[in-house]
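Reading through the structure tokens given below for one structure.
Just so it is clear, the model here is predicted, and its values are computed rather than measured. Atoms considered below: every heavy atom in the structure, side chains included; atoms not considered: hydrogens, waters and symmetry mates.
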Amino acid sequence: MQLNIGAVLTTIICTILFALMGCQSEPLFVSRNFTELGSFTAEAEGPAVDKEGNLYAVSFHYKETIGRITPEGKGSIFIEMPKGSTANGIRFSSKEEMFIADYTGHNILKADIDGKVTVFAHEPKMNQPNDLAIMGSDTLFASDPNWSEGTGKLWRISTSGVVTLLEENMGTTNGIEVSPDQKRLYVNESKQLNLWVYDIDAEENISNKRLLYKFPDGGLDGMRCDMRGNLYITRHSKGTVEVISPEGTLLKTIKLKGMKPTNIAFGGVDGRTCYVTIADNGNIETFIGDTPGRSTHKGL
């Protein structure tokens, strides 16, 4: 068996830091409500955390918004979406720019720290851009499902806003994420219950598509990687988050209060706090994991 020295060192360092910070008081992987029931609509989606620890998510109070929730759980409207635009996935760049998948406008939008929204990329051939993943270079990948036909596409968006179709005729592409070493792209298909993995080369092209995991039932939605490369996948209609290793092994099933989780993000002072948007309860749940998220440690 080949030993992953980087993963071992990350685990050792994180364990020491957590012990010094006294972060083990809250039980691991036990979900609780972070915001009030009904504080979001049934379209709650797209969680992402900024460098100050504020959480952003879609459909706060009403559908056409992005809400900002402080680490203490106090919420406010950050963005009222432009006419004709509806937000879904959100990611922050290394420059703390907010990128937003606009599924009705066929856009990738960009918002500054004051919430001013501009069109970063527009592609009329997109079905409805759904979730986003981001590289350290700030290149974006976007999933693009066609729910009525059960198909989907996969796109790359350059730092200058150039949109490139990477693959079409997939299943209903949804959750999407880049591995911590940025050598892998993961994409899941909600209806077909497939989790795919691609290799990413130095030019940010993808190749060598293969099936990493096939789920037996339920649905698949948004997902994120931790620093070990494990994928935390929200299971819509199952009421769980399931953790899949980079080798394709099911490591853990985390039970949630709501039954329809839509997406997940890492945050908190040590990067181990997970926030999950819940459609059926219209709120956000949170739990503490054992490993920091890639996004919180890489600014992605």
Side-chain angles (χ1 to χ4, degrees), residues 45-52 54 56 58 66 78-79 81-82 85-144 152-168 170 173-187 197-209 222-225 227 229 263 265-267 293-300:
E45 252 284 6
V49 178
D50 68 16
K51 65 180 180 180
E52 305 299 328
N54 297 303
Y56 298 79
V58 168
I66 295 175
F78 178 62
I79 291 173
M81 296 299 293
S85 292
T86 312
N88 201 77
I90 300 172
R91 296 307 296 254
F92 281 100
S93 74
S94 61
K95 301 173 184 177
E96 281 297 296
E97 302 161 312
M98 177 189 284
F99 288 103
I100 307 160
D102 168 17
Y103 70 86
T104 51
H106 310 284
N107 299 317
I108 305 299
L109 305 176
K110 183 169 70 173
D112 62 19
I113 58 173
D114 298 317
K116 180 182 178 181
V117 177
T118 56
V119 175
F120 177 69
H122 175 71
E123 177 48 72
K125 294 180 181 179
M126 286 180 170
N127 300 309
Q128 50 174 72
N130 191 73
D131 279 349
L132 300 173
I134 192 165
M135 299 282 288
S137 64
D138 291 336
T139 294
L140 293 163
F141 295 99
S143 61
D144 184 24
K153 300 177 182 179
L154 179 61
W155 302 85
R156 182 181 63 216
I157 303 95
S158 75
T159 55
S160 60
V162 176
V163 181
T164 301
L165 178 63
L166 299 178
E167 188 173 352
E168 56 186 340
M170 295 183 68
T173 49
N174 197 332
I176 186 167
E177 177 63 308
V178 172
S179 64
D181 62 7
Q182 300 186 76
K183 293 182 178 180
R184 286 180 159 197
L185 177 69
Y186 299 100
V187 183
V197 58
Y198 301 79
D199 294 330
I200 305 174
D201 66 20
E203 287 73 42
E204 298 176 342
N205 297 308
I206 61 171
S207 63
N208 192 26
K209 177 183 178 182
M223 59 187 185
R224 290 290 186 272
C225 269
M227 284 299 292
N263 216 324
F266 285 86
R294 167 187 176 255
S295 57
T296 51
H297 275 236
K298 297 293 184 181
L300 305 171

Is a donor on one side and an acceptor on the other found under 3.5 Å between the side chain of [X] and the backbone of [Y]?
X      : Y      : value
Thr104 : Thr86  : yes
Asn107 : Leu109 : no
Thr173 : Ser143 : no
Glu177 : Cys225 : yes
Asp138 : Ser94  : yes
Asp201 : Glu203 : yes
His106 : Met126 : yes
Asp102 : Ala87  : no
Glu123 : Lys125 : yes

Non-hydrogen atoms of [X] and [Y] that approach each other most closely:
X      : Y      : result
Asn127 : Gly152 : ND2-CA, 4.4 Å
Arg294 : Met227 : CA-SD, 3.7 Å
Asp131 : Gly175 : OD2-CA, 3.7 Å
Met98  : Ile90  : CG-CG2, 3.6 Å
Ala121 : Gly161 : CB-O, 3.5 Å
Gly115 : Ile79  : O-CG1, 3.6 Å

Which value, rounded to the nearest 0.5 Å, describes the distance between [X] atom [atom1] and [Y] atom [atom2]?
X      : Y      : atom1 : atom2 : value
Glu45  : Tyr103 : CD    : OH    : 9.0 Å
Ile108 : Ile157 : CD1   : CD1   : 4.5 Å
Asn174 : Asn263 : CG    : CG    : 8.0 Å
Arg91  : Met135 : CZ    : CE    : 12.0 Å
Ser295 : Asp50  : OG    : CG    : 11.5 Å
Glu97  : Ile134 : CD    : CD1   : 8.5 Å

Minimum side-chain heavy-atom gap Trp155-Leu166 below 4.5 Å: no
Minimum side-chain heavy-atom gap Leu165-Lys153 below 4.5 Å: yes
Qualifying residue, where the test is side chain to side chain contact (heavy atoms under 4.5 Å, CB included) with Leu185 and the options are Leu154, Val197, Asp199: Leu154
Among Arg184, Glu167, Lys183, side chain to side chain contact (heavy atoms under 4.5 Å, CB included) partner for Tyr198: Glu167
Polar contact flag, side-chain donor to acceptor under 3.5 angstrom, Asp144-Asn130: no
Sub-6.0 Å ring centroid separation between Tyr56 and Phe92: yes
side-chain hydrogen bond (donor to acceptor under 3.5 Å, both in side chains) between Glu204 and Ser137, worked out: CA-CA 10 Å; Glu204 298 176 342; Ser137 64; 2.5 Å; yes
Residues Arg156, Thr139; criterion side-chain contact (heavy atoms from CB on, under 4.5 Å); working and verdict: CA-CA 7 Å; Arg156 182 181 63 216; Thr139 294; 3.6 Å; yes
Lys209 vs Met170, side-chain contact (heavy atoms from CB on, under 4.5 Å): CA-CA, chis, key distance, verdict: CA-CA 12 Å; Lys209 177 183 178 182; Met170 295 183 68; 3.9 Å; yes
